[in-house]
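Below is one structure, written out as structure tokens; comments come after it.
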2 protein chains.
Amino acid sequence: METPQDLTVAERIRSRFDELTRAERQLANAIMDNYPVSGLGSITVIADASDVSTPTVVRMAKKLGFRGFPDLQAELRAEVEATISNPISKHNRWAGNAPDTHILNRFADSVMENMRQTLRQIDPEEFNAVAKLLSDHSRGIHVVGGRITHSLADYFFTHMQMVRDNLTLVAANSNVWPHYVLNMKADDVLVIFDIRRYERDIQHLAEMAKSQGVTLVVFTDQWGSPAAKHATHSFHSRIEVPSAWDSAVVPLFIIEAMIAAVQDLSWVETEDRMKSLEELLDQTRMFRKFK
Amino acid sequence: METPQDLTVAERIRSRFDELTRAERQLANAIMDNYPVSGLGSITVIADASDVSTPTVVRMAKKLGFRGFPDLQAELRAEVEATISNPISKHNRWAGNAPDTHILNRFADSVMENMRQTLRQIDPEEFNAVAKLLSDHSRGIHVVGGRITHSLADYFFTHMQMVRDNLTLVAANSNVWPHYVLNMKADDVLVIFDIRRYERDIQHLAEMAKSQGVTLVVFTDQWGSPAAKHATHSFHSRIEVPSAWDSAVVPLFIIEAMIAAVQDLSWVETEDRMKSLEELLDQTRMFRKFK
DNA sequence: TTTGATTAGAAACTATTATTTCAGAAACCA
DNA sequence: TGGTTTCTGAAATAATAGTTTCTAATCAAA
């Protein structure tokens with residue numbers, strides 16, 4: 001009689017407990033105790049813990065239908081994974097009318113996974129610290145991006161402009177960067193956007209700024225821009241998607257959350273800025289009122 | 001400098017990520033991927049999974065303050081145990097260390113909900129139709145954005161440039177827009193980015209272009225830019241988040257998916273473009289090779 | 001381009017883990 | 001009680017995991 005392959009270790013033990021010998025039962029009980037983590041160590045550890053010899057462990061593993069102890073352990077790991085990993089939304093389609101294989105759905109899957117992973121790695125304390133740093137109006141803020149990332153830098157700059165003054169968008173053309181560095185003061189902050197492929201010039205800019213005492217905040221990807229090495233704070237986003245290019249969705253998410261956080265911290269001042277801005281826009285009749 | 005003993009593996013990786021080398025980062029990411037189960041197998045397995053040699057694994061373990069790989073793994077097991085034995089465990093939280101009320105978590109909730117709602121409403125057929133339209137190299141493509149959305153227009157333009165030629169980014173300054181309209185031909189496509197607050201000038205531009213026989217594609221929000229009324233195709237993204245401003249995350253998502261779709265449709269031509277681009281970039285030594 | 005420093009993996013090596021063998025102990029049975 | 005079977009772990013062995021060493025490759029600086 002062969003033990004079916006898709007049963008958990010616990011189920012196999014339970015269903016065949018009668019057939020186990022004294023030493024094996026001792027072992028089985030030790031495994032069920034604090035299951036399944038107790039079985040994740042080496043064969044020696046679990047044998048010692050249940051006061052049996054290692055051959056007993058091997059014998060029982062085989063009795064339960066495994067090829068050996070490592071085989072049993074692999075099953076345990078799979079179970080742990082199933083328990084821990086969050087199955088929500090794994091198999092519900094995003095765009096309901098499109099097949100799973102449609103680019104929209106595949107893209108959505110990756111982006112969601114990127115979000116999850118990125119957020120798991122972010123240190124909220126660091127996030128708060130940067131928000132505080134950026135809401136310090138006495139410090140000048142300089143923003144720079146690379147070939148691809150200048151759109152992000154631009155987006156960040158446009159919004160931060162509404163929240164605070166003393167803000168500079170460093171021009172995209174790296175030839176003129178040294179001029180910008182000259183204008184950076186010791187307590188200023190340089191916000192760098194750099195995802196692969198990392199640009200040498202950005203690294204140099206970071207080094208120059210650092211040597212002037214400027215605080216560096218880097219938004220980069222999971223592999224980390226070289227500029228992040230010099231940074232006081234850095235945020236690493238997952239950016240891989242089923243495409244020839246990388247995704248800026250998660251970085252943008254972090255940026256927006258950061259803007260919101262800074263906004264919260266400097267609400268009093270912002271309120272005035274916002275009002276002035278509204279009036280200004282109304283006067284120029286450039287925008288329509290909505291709602 | 002010694003790494004404190006009571007930190008999780010994830011925390012150690014996060015805090016010392018900058019000090020890790022290329023291969024080590026690759027490994028670190030593989031461990032964070034499906035953490036912590038991914039690190040529960042043998043050193044060989046995790047090394048293979050992250051495309052790194054086993055010595056690299058040992059080196060990183062030591063760098064993180066462990067005595068060796070088994071030591072690191074023991075810590076992982078302890079973490080699994082802690083996670084499992086605490087079933088409430090915050091799996092609904094995005095940023096695990098932050099409270100539910102932290103801006104990161106509230107923001108993540110909204111953005112996810114925005115994604116779901118937006119995707120539910122998108123017609124895949126329309127998406128495909130636009131992808132086809134944009135991959136028709138005989139049509140000129142013009143891209144325009146407003147005060148806030150010009151970053152999106154810019155992002156779209158930068159990527160589309162790599163996919164195809166015959167592409168124009170309409171300057172942000174609306175004074176010069178009439179000139180651009182003059183250059184639009186009857187079969188051209190005008191891609192408009194406009195989310196609230198909608199800009200009058202964009203509506204005018206849309207009308208002018210339309211009257212010349214130009215096909216309009218509008219990326220807007222759930223309420224719909226006035227320009228969308230004239231559009232052949234429009235995409236409505238949800239943009240509300242707990243912030244004083246709107247979120248461009250979902251629009252960006254759609255844009256990226258669209259770029260990927262266009263890329264797929266015009267792969268043959270793109271391949272050449274990509275190669276030329278790579279060479280160009282390598283020549284100018286502006287970018288670092290990665291991997 | 002050369003030089004020196006850093007990095008990474010192949011290979012050799014060591015340590016540990018897993019399996020098998022086997023002999024003694026325990027249980028069972030007539 | 002003696003014979004038989006079953007069980008168990010010590011020890012030997014095999015397999016695999018983990019570590020170290022060392023050289024080639026890579027990269028930055030001169």
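Throughout, a chain's letter reflects where its sequence line sits, starting with A, and its residues are numbered from 1.
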Against the side chain of A:S53, the closest entry in C:dT19, C:dA18, D:dG9 is D:dG9
Please report the distance, rounded to the nearest Å, between CD1 in B:I46 and P in D:dT16.
20 Å
Let me see the working for A:V191 and A:L134 under side chain to side chain contact (heavy atoms under 4.5 Å, CB included), right down to the final yes or no.
CA-CA 9 Å; A:V191 179; A:L134 294 177; 4.0 Å; yes
Please give, in whole Å, the distance from C:dT16 C1' to A:D48 CG?
13 Å
C:dT17 phosphate, OP1 or OP2, under 4.0 Å from A:S42 side-chain N/O
yes
Of C:dA8, D:dT21, D:dT8, the nucleotide closest to the side chain of A:A23 is D:dT8
Can you see whether A:Q26 engages A:D51 through a side-chain donor-acceptor pair at a distance of less than 3.5 angstrom?
no
Return no unless some side-chain N or O of A:K62 is found under 4.0 Å from OP1 or OP2 of C:dA18.
no
Toward the 5' end of DNA chain C, which comes first, A:K229 or A:R59, by nearest nucleotide?
A:K229
What is the separation between atom CG on A:D51 and atom P on D:dT8, rounded to the nearest whole Å?
13 Å
Between B:Q73 (CD) and D:dT16 (P), how many Å, whole number?
17 Å
B:E24 CD to C:dT6 P, straight-line distance once rounded to whole Å
14 Å
Spacing between B:E19 atom CD and C:dT7 atom P, to the nearest angstrom:
11 Å
Between C1' on D:dC7 and CZ on A:R25, what's the gap in Å once rounded to a whole number?
13 Å
Less than 4.0 angstrom between a side-chain N/O of B:T44 and OP1 or OP2 of D:dA17, yes or no?
yes
Using the closest heavy atom to pick a nucleotide of DNA chain D for each, name whichever of A:E207 or B:P70 lands nearer the 5' end.
B:P70
Taking OP1 and OP2 of D:dG18, is either one under 4.0 Å from a side-chain nitrogen or oxygen of B:T54?
no
Taking A:D201 first and then A:R147, would you say they form a salt bridge - that is, a charged N and a carboxylate O separated by under 4.0 Å?
no
Is it the case that A:H150 and B:D154 place a side-chain donor and acceptor less than 3.5 Å from each other?
yes
Atom pair distance, as rounded to whole Å: CG in B:L20 and P in C:dA8:
10 Å
Taking only the side-chain heavy atoms of A:I43 (C-beta and beyond), determine which of D:dT20, C:dT17, D:dT19 contains the nearest atom.
C:dT17
Under 4.0 Å: is that the gap between some side-chain N or O of A:R200 and OP1 or OP2 of D:dA28?
yes
I'd like to know if the side chain of A:S243 reaches the main chain of A:W245, judged simply by a donor and an acceptor atom lying under 3.5 Å from each other, with no hydrogens or angles considered.
yes
Counting only side-chain heavy atoms from C-beta out, which of C:dT20, D:dG18, C:dA10 sits nearest to A:V58?
C:dT20
May I ask you to evaluate whether B:T21 reaches the phosphate of C:dA8, defined as a side-chain N or O under 4.0 Å from OP1 or OP2?
yes
